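First the proteins, then the strands, lettered A, B, ... as listed; each starts at 1. Computed from a predicted structure; not experimentally measured.
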2 protein chains.
Amino acid sequence: MRAALITAGRQLLAEAGLAGLSLRAVTRQAGVSPTAAYRYFADREHLLAAIATSGVWELTADLEAADRLGVDKLQDQACAYIRFAVANPALYRLIFGPERLSHYPELESALAAAYGVLAARVAKQAAPGRATDKTMACWCLVHGLASLAIDSRLPPDAGPAQLLAARLTATLSLEN
Amino acid sequence: MRAALITAGRQLLAEAGLAGLSLRAVTRQAGVSPTAAYRYFADREHLLAAIATSGVWELTADLEAADRLGVDKLQDQACAYIRFAVANPALYRLIFGPERLSHYPELESALAAAYGVLAARVAKQAAPGRATDKTMACWCLVHGLASLAIDSRLPPDAGPAQLLAARLTATLSLEN
DNA sequence: CGATTATGTTGACAGTGTCAACTGTTTTTC
DNA sequence: GAAAAACAGTTGACACTGTCAACATAATCG
């Protein structure tokens, strides 16, 4: 049932956005009583954290797939990242949003895993010693781009965000 | 009174975070009745948008100051940006957060102004033709870094976020 | 079988966003 | 200057939310 609540939440999130993601709406969607969720989640926030965590694992899998199948593997990871964000805007916002979802250990470790996939790629391509900085720059750039793209705050003539991600990632000049 | 509500909101935002920023709390803080704000804002969201807008103008002013007074003007802008975000985390999250605050024209134009300050700087330093891409990369990077820093999602050994901003900005290699 | 525990439901409380109706005050207009 | 209109803010109410305590029911196990 924990799982049922999470998928109900993700559906609600996709349909009605973060605003529609009330505890009661989730239980309603799952067909149970308003307070049933309290058996599985201490808090509304804990439910949100669980939903976010499920999303992060999905993102991690996408990144891994891009790295396994891609040709320009780093750019492909960036593309996959943006694709995920654009396909699940509300979920993405929940993950990185202003809720105080830090210090939920499961979420933390899921995020660490996603970060690890990128870091591994950069480590293979960047000049040694510059890897951590480059990884961070890449992460920040892609995350920032995703945030802006989702909120359609990119210049209108910027073109599709995924291409942008590839282009901008390429400007990071890993080799020096 | 519009102004009083906005400053009350910003105070609440700084003290209690986004969660504490209820319409009723703002009116309470301003010492008026719970529904008084509806004379000035159609919606809670409109109030939030106004608060966010006031923040963005402040940020714009900070960027301009950094560009006027700085030595490494681009890095200084990046530093100022991060400093603003770290000093006003809740406000920053409100501005770029998951609320549907797009399509508020005042907010839009305030953001455009901030973006313009950065764009002008980059245009002066970047190779012609690459300016728009470089501007966007810079904006995304700094915005992403700010988001991550605020939510303390940066690697713990990364050092202060403002220095990071300068370092990462420098890796953008504007000249080619 | 009976006792215990897991699972879920009812009922209630405070707090929220929002609206309609009301009162007092200021400004406009003749 | 008086009547009328616009403004500014309040009261009362409604549906909704997160949360908790108390209750019912089903599953598990000795």
Side-chain angles (χ1 to χ4, degrees), chain A residues 1-55 90-91 93-95 97-104 106-107, chain B residues 1-55 90-91 93-95 97-104 106-107:
Chain A
M1 164 138 189
R2 230 189 95 103
L5 286 174
I6 291 181
T7 62
R10 287 203 43 177
Q11 186 173 342
L12 270 247
L13 197 52
E15 287 170 3
L18 222 173
L21 195 62
S22 76
L23 220 165
R24 294 173 106 107
V26 172
T27 56
R28 220 177 296 140
Q29 169 90 15
V32 293
S33 82
T35 68
Y38 279 91
R39 205 60 56 166
Y40 300 90
F41 302 98
D43 231 336
R44 176 180 183 249
E45 270 205 7
H46 280 78
L47 170 55
L48 296 193
I51 296 174
T53 303
S54 98
L91 178 57
R93 278 195 280 253
L94 173 62
I95 294 172
E99 326 286 332
R100 269 260 134 286
L101 257 42
S102 319
H103 63 66
Y104 283 84
E106 341 152 342
L107 218 192
Chain B
M1 165 137 191
R2 230 189 94 104
L5 286 173
I6 291 181
T7 62
R10 287 203 44 177
Q11 186 173 340
L12 270 247
L13 198 52
E15 287 170 2
L18 221 172
L21 195 62
S22 76
L23 219 164
R24 294 172 105 109
V26 172
T27 57
R28 219 176 297 141
Q29 169 90 14
V32 293
S33 81
T35 68
Y38 280 91
R39 205 58 54 167
Y40 300 90
F41 302 98
D43 231 336
R44 175 179 184 250
E45 270 205 5
H46 280 79
L47 170 56
L48 295 193
I51 295 174
T53 304
S54 98
L91 177 57
R93 277 195 281 251
L94 174 62
I95 294 171
E99 326 285 331
R100 268 261 135 284
L101 255 43
S102 318
H103 63 65
Y104 283 84
E106 340 151 342
L107 218 192

Q. D:dG18 C1' sits how many Å from A:L21 CG, rounded?
A. 13 Å

Q) Atom CZ of A:R39 to atom P of D:dA21: distance rounded to whole Å? A) 12 Å

Q: Rounded off to whole Å, could you give me the CG-to-P distance for the A:L12 and D:dT17 pair?
A: 11 Å

Q: Any chance you could measure A:L21, atom CG, to A:L91, atom CG, to the nearest 0.5 Å?
A: 10.0 Å

Q) Does A:R44 make a side-chain donor-acceptor contact with the base of D:dG18, cut-off 3.5 Å? A) no

(Q) Distance criterion of 3.5 Å, no angle test: do you see the side chain of B:R24 paired donor-to-acceptor with the base of C:dG15? (A) no

Q. Quick one: B:H46 NE2 to C:dC19 P, roughly how many Å, whole number?
A. 12 Å

(Q) Applying a 4.0 Å non-hydrogen cut-off, can you work out what B:Y40 is touching in the nucleic acid: base, sugar-phosphate, or nothing? (A) sugar-phosphate

Q.
Nearest whole Å is fine: how far is D:dT17 P from A:L48 CG?
A. 14 Å

Q | Most 5' of A:P34 and B:D43 on DNA chain C, judged by nearest nucleotide | A | A:P34

(Q) Any heavy-atom pair between the side chains of B:T27 and B:T35 that's under 4.5 Å? (A) no

Q) Is A:L5 close to A:F41 at the side-chain level, that is, under 4.5 Å between some pair of heavy atoms? A) yes

(Q) When you measure from the side-chain N and O atoms of B:S22 to the phosphate of C:dT16, is any distance below 4.0 Å, counting only OP1 and OP2? (A) yes

Q.
Check this one for me: any side-chain N or O of A:R28 less than 4.0 Å away from OP1 or OP2 of D:dT17?
A. yes

Q | Euclidean distance, A:T7 OG1 relative to A:L12 CG, rounded to 0.5 Å | A | 10.0 Å

Q.
Just to be sure I understand the rule, does B:R2 reach a base, reach only the sugar-phosphate, or reach nothing, if contact means heavy atoms closer than 4.0 Å?
A. nothing

Q | Whole-Å gap separating C1' (D:dT10) and CE (B:M1) | A | 11 Å

Q.
From OH of A:Y38 over to P of D:dA22, roughly how many Å is that when rounded to an integer?
A. 17 Å

Q) Given atom CG of A:L23 and atom P of D:dG18, what is their separation to the nearest angstrom? A) 5 Å

Q. So what does B:S33 touch, heavy atoms closer than 4.0 Å: a base, only the sugar-phosphate, or nothing?
A. base

Q.
Is there a side-chain contact between B:L48 and B:R44 in this structure, where contact means two heavy atoms from C-beta onward sitting under 4.5 Å apart?
A. yes

